[in-house]
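Below is one structure, written out as structure tokens; comments come after it.
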Amino acid sequence: MVPITILNSAIDKGAVCMDGTPPAYHLDPGSGAGNRSWVINLEGGGWCNNARTCRFRTGGRHGSSDYMERRIAFTGIMSATPADNPDFHSWNRVKIRYCDSGSFVGDVFDKELGLQFRGQRIWEAAIQHLLDVGMASAEQVLLTGCSAGGLAAILHCDQLRTLLPAAATVKCLSDGGLFLDAVDVAGWRSLRSYYGDVVAMQAVAPNLPKTCTDHLDATSCFFPQNIIDGIKTPIFLLNAAYDVWQIEQSLAPNAADPSGAWRACKFNRAACNASQMQFLQGFREQMVAAVRVFSESRSNGLFINSCFAHCQSELTATWNGAAGGSPALQNKGIAKSVGDWYFGRAEVKAIDCHYPCDKTCHHII
């Protein structure tokens, strides 16, 4: 279990959680050959988009460091066990806790609500602190995150590159972070509407990649599909083609499904009828199309598997399960795919055939 470090010094920089408490991280130091290598993991955990949902989050770990666990287990890509994590087990591994509710890019104080949205400052303070305690001499760095943290890893990828030695290898892994600007079952764009609220409420726009905001609106630039082609630092996209979070919250949210026609299907893939499955196949096609240009870059990597899942790098069973138990594409599991890409052992551009062809999935619905 890896202990928490509360970053009290960040308060002076205005880098605070939503309730004004200091940010925090967990560090498991590297050893031997991994001493000058770092995995920086940005914690995920959704967002908030209005007074009610944001106030609610200040009563838990996603809005206040007062509620964060004092010790957490590092598993999957964060594991210190060679068998579970062959390529990165000896590296310095850091999890930066998520308490801003805006994928580490907001920067405003909401006077009316009394809430701080300081994700960008938390990112900057945490990274500066890590540079001060040894990362400034890093030779290898991998920025990673899952879900809202996977989006954050994309948004901050080029920023991190500029802060590290030119000779260092710096790459980014986004797991379950490829949130699509998709049409839902009612013909609306529920996630675009939701993201629009987040972007406005948390003053996100100035911290989005300029390669996107120079030609698109800020909400569009919170969607990875509009950012990834402009990022210069190598990125690996790991995503389930039938992303369960997106099915439940973006494609078939309750507001878009008042009759409840999707209620069974979105929580149990076996309950989906033919037309519902056809709609989900269309979502997969949209995801494949969104990464087409991205995949043409030799430095980028891709693992899009046809599973009903969300986040596959932080649990040992899906990252590198025993006896070949992790999801695989082209006979290669996730840990090996990411490692081959990071170290340049092989090019990894793996896109699965459509459901139900993949027998290696760890479905969660």
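This structure is a prediction, so every number in the text was calculated from the model and none was measured.
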Quiz item: Between F223 and Y195, does the ring centre distance come in under 6.0 Å?
Solution: yes
Only pairs at least two apart or in different chains count here, so list each salt bridge (Lys or Arg N to Asp or Glu O under 4.0 Å) that has a residue in [range].
| range | value |
| --- | --- |
| residues 286-297 | none |
| residues 224-235 | none |
| residues 97-107 | E43-R97, E69-R97, D107-R118, D107-R121 |

Linking Ile, Leu, Val, Met, Phe, Trp and Tyr through side-chain heavy atoms less than 4.5 Å apart, which residues share a cluster with [X]?
| X | answer |
| --- | --- |
| V183 | none |
| I11 | V16 |
| Y67 | none |

Quiz item: Can you name the residues that form a side chain to side chain donor-acceptor pair (under 3.5 Å) with T213, not counting sequence neighbours?
Solution: none
Practice problem: Could you tell me whether D181 and R189 have a side-chain N and a carboxylate O separated by less than 4.0 Å? | Solution: yes
Quiz item: Are K210 and D214 close enough for a salt bridge, meaning some N to O gap below 4.0 Å?
Solution: no
Practice problem: Report the C-alpha distance between W47 and Y98 in whole Å, list the side-chain angles of each, state the deciding distance to 0.1 Å, and finish with yes or no for ring pair (Phe, Tyr, Trp, His ring centres under 6.0 Å). | Solution: CA-CA 10 Å; W47 309 270; Y98 182 44; 8.0 Å; no
Quiz item: Is a donor on one side and an acceptor on the other found under 3.5 Å between the side chain of Q330 and the backbone of V348?
Solution: no
Quiz prompt | Within 6.0 Å of CZ in R70, more than 12 heavy atoms from elsewhere | solution = yes
Self-check item: ring-ring contact (aromatic ring centres under 6.0 Å, His included) contacts in which one or both residues fall within residues 107-155, not counting sequence neighbours
Solution: Y25-H129, W123-H156
Quiz item: Going by atom types only, do D84 and W319 share a side-chain donor-acceptor pair under 3.5 Å?
Solution: no
Quiz item: Any side-chain donor paired with an acceptor under 3.5 Å for R93 and S79?
Solution: no
Pair up each side-chain donor or acceptor in residues 351-358 with any protein partner under 3.5 Å, not counting sequence neighbours, and list the distances.
residue	atom	partner	partner atom	Å
D352	OD2	S306	N	2.9
Y355	OH	R269	NE	3.1
D358	OD1	T360	N	2.7
D358	OD1	T360	OG1	2.7

For a quick test of your reading: what N or O donor-acceptor pairs under 3.5 Å do the side chains of residues 138-153 make, sequence neighbours left out?
residue	atom	partner	partner atom	Å
Q140	NE2	S37	OG	2.9
S147	OG	H310	NE2	2.8

Self-check item: Test side chain to side chain contact (heavy atoms under 4.5 Å, CB included) applied to C212 - qualifying residues, sequence neighbours left out
Solution: L216, C221, N226
Quiz item: For A264, which residues count as a side chain to side chain contact (heavy atoms under 4.5 Å, CB included) partner, sequence neighbours excluded?
Solution: A271
